[in-house]
Asks: 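Handing you a structure now.
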Protein chains: 2
Amino acid sequence: MTTAPAAVDRRQRRRLETIEEVVDVAAEVVAEQGAAGLSIGEVARRMGIKPPSLYGYFESKNAIYDALFARGAQQVLEVMRPVMRAAADEQSLETALLTSGRTMIRWSIEHPAYAQLIFWRPVPGFEPSPAAYAPAIALMDESRQSFTVLQERGLIRSDISVDVILRNWTILVSGITTQQLSNAPDEPFDTGTFTSALPDIVAMFATRYAAPPAGRQPASTTRKVRRADKR
Amino acid sequence: MTTAPAAVDRRQRRRLETIEEVVDVAAEVVAEQGAAGLSIGEVARRMGIKPPSLYGYFESKNAIYDALFARGAQQVLEVMRPVMRAAADEQSLETALLTSGRTMIRWSIEHPAYAQLIFWRPVPGFEPSPAAYAPAIALMDESRQSFTVLQERGLIRSDISVDVILRNWTILVSGITTQQLSNAPDEPFDTGTFTSALPDIVAMFATRYAAPPAGRQPASTTRKVRRADKR
DNA sequence: GTCTATATGACGATAGAC
DNA sequence: GTCTATCGTCATATAGAC
C-alpha cells in the first residue's frame, strides 16, 4: 500500500532531513551576513531549489528564524546543562563561575549567528515562539537552581537573593559577549580582547558575592562589602 | 544674481534643514521598528515626498545609517563629556562611576534607536565611517583620561593598567544596557530590572579596583583582592 | 506530496523629464 | 529639486505540472 507505515516513515524522515538542511543553510547565511541578512532566496539558491519550494517546509521567513532560535537555545542548554550541574558541586564560587561562564561565552563567540538571535533582537517583527523559547527559560531555571545549591552549601552570601545574584551574573556574561561580538567578532575566544577579561570579572563577582569564610566575619558593620550594599 | 552669496547660503541652509529632517524621521522609524527596520520608502512617506528624492540628500541607505550613528555618537559624547570631567574630581571611585554610568545607561535606554546602532551591529554590511566613529573614539579617550586622573589621585589601584580598568568598565555598562534593551526595552531607566542593578555592579567594581585606604594595607600577600588578581 | 512557474507588491537604487 | 518610470531583488502567495 502507498500509505504503509514504512513508506510514511520514509517520507516523513526525508521531510525532516530537508527541514534540518534548511536550518543548516540558514545558520550558514546568518553566520556570514548577520541575523538580519537572512533571505529566503539565498537559502533556496544554496540548496539548489526555488524560493517557493521552501514554503512547503516553513510557512514564513520568521518560522525559519524561530527554528534557528529554537536550535540555538536547545544547543546552548545542552552545552550548559552538564557544566551547571558540575558547577553546583564546585569547591568555590569562583571556580564554578569561571567554568560555566567560560563555556557559555565560548559557545556564544563560536556560534555568533545563534548568539545574535538569542541575546539581541536584530530582526524587527520576530518574536520567538513559546516552544522555541522554552530551552532559554529552562537554562535560566537551571542556573537559578545551581546558584541556590551554591548558596545552600554556604559558598554564596545568604543575605542576597538568588534572583539578584542571577540577574547580576547575566549582566556580566552578556557584557563580555556583547563587547566581544560587536567590537572584535573575528577574535577567537581564547585570545579575545573582552573574553580575556572573564577571570577578572569572575574574581570581581566572587569577591563580592562569595560567603565570607566562617569565623572571619566581625560584628562590625563598617566592612567594605557591607557598606556598599544598600539596595 | 542667482548665485549671489546670500542666495547660496539660503539654499545651503534649506538643504541642511532637509538633511536634518531626514535624520529626525529615520530616528523615529528606527525607534519604532528597530535598526534593521529602517526603509527609505517609509522615511519618504512620512516626509511627504517620493523615495528617489531622498537620494538628493543621501547617496544610499547606509549613508542614512551613518548619519544616525554620527548623531548618536555626537550626542552621547556631549552628554558624557561634562559628567566625565566632573567624575575625575569626585571624592571616590564609586560615586564617580555611579554618576557617569547612570548618565551613559540612561541615555542609551532613552535613545534605543541610537544605542542599538552604536552598541550592536544590527545592520549587515553597514560599518560606520571614520567621521561618524570619531566621537565614539573621543568618548573612549576621555573615559581613559578620567580613569587616569582618578588613578593619579590615588582613588584607583596603581597596580592595574587604565586600559584594563576601562575595558572591564565598558563590559559592565554594556552588559546592563544590553540586558535591559533586549529583555525589557519598555521599562524606564529608573525602574528597569537591569538598570536597577547599577549600584550593585558599581559597588562590585569599586570594591575590586578602588585603591585600598592608605595605611590599611598589610604586607601580607594573602589579601583576598590580591590573591584573585593573577592575570 | 513536492516541486516549478508565475504573480504581487515592497524594497533599494538609477535615469531622465520637468 | 522633485518627480515619473524603470530595474533587479526581495518575501510571499497561488496554480498547477509531475
Side-chain angles (χ1 to χ4, degrees), chain A residues 1-23 25-26 28-30 32-68 117 122-127, chain B residues 2-4 7-23 25-26 28-30 32-68 122-127:
Chain A
M1 319 307 179
T2 57
T3 57
V8 170
D9 281 0
R10 201 173 56 85
R11 244 174 280 159
Q12 198 90 13
R13 192 161 40 81
R14 179 85 178 82
R15 184 182 164 76
L16 289 177
E17 281 171 11
T18 305
I19 288 179
E20 281 304 294
E21 191 189 345
V22 172
V23 181
V25 173
E28 278 178 32
V29 175
V30 172
E32 291 169 23
Q33 322 255 342
L38 179 66
S39 86
I40 292 209
E42 183 62 25
V43 173
R45 206 171 299 122
R46 296 189 187 202
M47 292 181 67
I49 61 175
K50 300 296 173 185
S53 302
L54 285 174
Y55 285 83
Y57 306 99
F58 292 92
E59 67 175 359
S60 72
K61 188 178 161 181
N62 276 356
I64 298 182
Y65 279 124
D66 205 56
L68 281 172
L117 215 53
V123 184
F126 166 65
E127 284 291 315
Chain B
T2 57
T3 57
V8 170
D9 282 1
R10 203 174 54 84
R11 245 175 280 160
Q12 198 90 13
R13 191 160 42 80
R14 177 86 178 82
R15 182 181 164 79
L16 290 177
E17 281 172 11
T18 305
I19 288 179
E20 281 304 294
E21 191 189 345
V22 172
V23 182
V25 173
E28 278 179 33
V29 175
V30 172
E32 292 169 23
Q33 322 256 340
L38 179 66
S39 85
I40 293 214
E42 183 62 25
V43 173
R45 206 169 299 123
R46 296 188 188 204
M47 290 179 67
I49 61 174
K50 300 295 174 185
S53 302
L54 285 174
Y55 286 83
Y57 305 98
F58 292 93
E59 67 176 359
S60 71
K61 186 178 163 182
N62 276 356
I64 299 182
Y65 279 124
D66 205 55
L68 280 172
V123 184
F126 166 64
E127 285 291 315

Asks: With a 4.0 Å cut-off on heavy atoms, is A/Arg14 in touch with a base, just the backbone sugar-phosphate, or nothing at all?
Replies: nothing
Asks: Please confirm whether the shortest side-chain N or O distance from B/Ser53 to OP1 or OP2 of D/dC3 is below 4.0 Å.
Replies: yes
Asks: Rounded to whole angstrom units, what separation is found between the CD atom of B/Glu42 and the P atom of C/dC11?
Replies: 7 Å
Asks: Please check: side-chain N/O of B/Lys61 versus main-chain N/O of B/Leu38, any donor-acceptor pairing under 3.5 Å?
Replies: yes
Asks: Using a heavy-atom cut-off of 4.0 Å across all strands, would you classify B/Ile64 as base, sugar-phosphate, or nothing?
Replies: nothing
Asks: Can you check the B/Arg45 CZ to C/dG9 P distance for me, whole Å?
Replies: 15 Å
Asks: Given atom OH of B/Tyr65 and atom P of C/dG12, what is their separation to the nearest angstrom?
Replies: 8 Å
Asks: Under 4.0 angstrom, heavy atoms only, what part of the nucleic acid is A/Leu54 near: base, sugar-phosphate, or nothing?
Replies: nothing
Asks: Quick one: does A/Tyr65's side chain have a donor or acceptor within less than 3.5 Å of a partner on A/Ala35's backbone?
Replies: yes
Asks: For B/Phe58, answer base if it contacts any base atom (sugar-phosphate contacts may also be present), sugar-phosphate if it contacts only those atoms, and nothing otherwise; contact means non-hydrogen atoms under 4.0 Å.
Replies: nothing
Asks: Is the shortest heavy-atom distance from the side chain of B/Phe58 to the side chain of B/Ile19 under 4.5 Å?
Replies: yes
Asks: Which whole-number value in Å describes the distance from B/Lys50 NZ to D/dT2 P?
Replies: 13 Å
Asks: Rounded to whole angstroms, how far apart are OH on A/Tyr57 and P on C/dG1?
Replies: 13 Å
Asks: Considering only NZ, NE, NH1 and NH2 on the basic side and carboxylate oxygens on the acidic side, decide whether A/Glu32 and A/Arg46 come within less than 4.0 Å.
Replies: yes
Asks: Tell me: CD1 of B/Ile19 to C1' of D/dG1, nearest whole Å?
Replies: 13 Å
Asks: Expressed as a whole number of angstroms, how long is the span from B/Arg11:CZ to D/dG1:P?
Replies: 7 Å
Asks: Report the residues that fulfil side-chain hydrogen bond (donor to acceptor under 3.5 Å, both in side chains) with B/Arg45, sequence neighbours left out, ordered by chain and then residue number.
Replies: B/Glu42
Asks: How would you label the contact of A/Gly56 with the nucleic acid (heavy atoms, under 4.0 Å): base, sugar-phosphate, or nothing?
Replies: nothing
Asks: Between B/Ser39 and C/dC11, is there a contact of a side-chain N or O with OP1 or OP2 at under 4.0 Å?
Replies: yes
Asks: Has B/Glu17 got more than 12 heavy atoms of other residues, nucleotides or ligands less than 6.0 Å from its CD?
Replies: yes
Asks: Are any of A/Arg15's side-chain N or O atoms less than 4.0 Å away from OP1 or OP2 of C/dG1?
Replies: no
Asks: Would you mind building the protein contact string for nucleotides 13-18 of chain C? One character per nucleotide, 5' to 3', B for base within reach (heavy atoms under 4.0 Å), S for sugar-phosphate only, - for untouched.
Replies: BB----
Asks: Only counting residues at least two apart or in another chain, list the ones meeting side-chain contact (heavy atoms from CB on, under 4.5 Å) with B/Pro51.
Replies: B/Ile40, B/Ala44
